[in-house]
Amino acid sequence: MTQPLAAPLVPFVDALPVPQRLVAAQQNGRLTVPIRAGAHRFHRDLPESAVWGYDGTVPGPTIEAERGQPVAVQWRNELDGALPVVVTTAPTATDARGVPVQCVPGLSGGAPDQNAAALAGHTVVHLHGGLTPASYDGWAENLFAPGQDAVFHYPMGQRAALHWYHDHVMGVTRFGIYAGLAGMWIIRDQRERELGLPEGPPFEVPLLIQDRNFGLDDSGRVTGQLVHKTDPEVMEAFPPFTVVNGKVWPLLEVRPATYRFRVLNGSNARTYRLVLLRDGEPELHRITQIGTDHGLLRAPAPVSPDGLVLASAERADLLVDFSGLAPGSELTLLNTAAAPFDGAPFPAANARNAADPGRMLPYPHVMRCRVVPGPVTRWTTPGELATDYHPPAKDALAGATRRTIALVERELEGEPNMLTMRELVVAPDDHTGPAITVTDGEQTTRYRTAAAHFEDATTFFPVLDRYEVWQLINLTNDTHPIHVHLDPFQILSRRPIRYQIPEHGIEDLALTAAVTLERDPADTLNHTVDDNERGLKDTVRVNPHEIAEIAVRFTTYSGRYMYHCHILEHEDRDMMRPFVTMPAELMPFMA
Ligand SMILES: [Cu+2]
């Protein structure tokens, strides 16, 4: 561990902004959202930053829709000028003091990336979590240039949830979202109203958590210039400043009441493990989780003893009880997850000592809540929340198509590593090339790689309304949040594995590995599915040394969609693959 770093910005001085609300019902379901360059102040003591934003703001407006009431959005690309982010790879991973360069502002000796500087605003919008026809889902190659626009139709035939819309351009999503192109999208429905959940301000608070870094001027002061900095050892950006709804380490004044926090991790790569502290001690009992990616859980879940883990794109619907607190009480939301995240535990009781610049967590601060006087109101959580879904029954999965995906990192000389999702198919008996074996007790299955890169031939053709089981085998040292577009899925299991990859076992397409379903002696993770993951998910964390199995079923639209790692630096290079959902009647005609 390196020494604690002094923060160059004062925490907890800016009020938490609440993004402007765009309520679709008030505009007959027809919205126009310009995508514009703008100026945004991330902190009281910083100058304004040049950004790209929906409606020119960071975050974009929060769109609110009703289940069953379609929304049409005219996305108008009015971007002009170059990408307002300086992109660089520093020449060394640590500075002269031994501090990781990603923990400090400035370019750390890196040259601005000229290709990134030449990006001039092609964009495409994806509604993450939307059950959206393929034509409006934001296929990463279907771009709109500045001056072009598109009307996307969102049917909203789906349950209440917090989703988000963001840029999804092939190969450069990490820069578009970093520049500011993200906003929240809330769907509301009858079930939530029956439960009387807080809706709208002041007691419902959407929280978009991201991390950002900035430039330095000649005198060493932090500027507003957005900087996306990586280093020769870490190809993901893990910037030091946590930003909530566009402000670094903000402050929210709360009444002694129950609040509903709708939390979304919109960071490029960072996973958060959130802990609520008062006077340095965790008070996780104040938080009850009622919803996940696609809305309400069947039953409320307490926060796990370590804290609430949210990888990029994961959401949590939380009830936070501030009743019983005297005015002036302060509760601080801290992050205890070092980066890159590998699933390793960290007890909440140690949260006050979570700072670890050596592992790219120089400042654990996220935000602070300060209690102000007001009437005490407490919301009692009912025991039953969602009633519209069940875990898939065993017999529903018995004959399900099984798909196998290996998550693989390929090290390359002189350029950033390549991350891929290898789609595996069972190898024929006479297969002699590179193979992946998966041994589960007495049974060994041999696979070969059918696809590795985005542009390789499509191999997944799920049939509508039929369950499939996808198993994701992590052969890397980091946790990957894997996101599937279109319908949500349910997590069936996480199982520990040990594996061997021979030298040169990872080639461009070929993969050789021996995977066994048993715990590696050096493995310290518990590989459980937590109670708060037993809901409808669209992003699943796949930890090192594990196979995660998910039950996938597409129900609505046929067409070409994507699934990918939601670490943006991974999805851009090249952890993304297509799939095509098919009506059953067409399958006999597939060549
Ligand atoms: Cu990944």
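These numbers come from a predicted model, not from an experiment. When a ligand or atom number is given, it counts from 1 through the structure's own listing order.
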Point to revise | Identity of the N, O or S atom of His570 lying closest to the Cu ion (ligand 1) | key: ND1
Review point. Do His566 and His480 have ring centroids that are under 6.0 Å from one another?
Key: no
Check your understanding: Using the ring of each side chain (for Trp, its six-membered ring), is Trp185 parallel, tilted or perpendicular to Tyr165, with breaks at 30° and 60°?
Key -> perpendicular
Review point. For the Cu ion (ligand 1), what is the closest N, O or S atom on His480?
Key: ND1
Check your understanding: Going from CZ on Arg403 to OG1 on Thr459, what distance comes out if it is rounded to the nearest 0.5 angstrom?
Key -> 7.0 Å
Review point. Within 45° of the six-membered ring axis of Phe346 and under 6.0 Å from that ring's centre, is NZ or CZ of Arg273 located there?
Key: no
Check your understanding: Is the distance from the Cu ion (ligand 1) to some N, O or S atom of His566 under 2.8 Å?
Key -> no
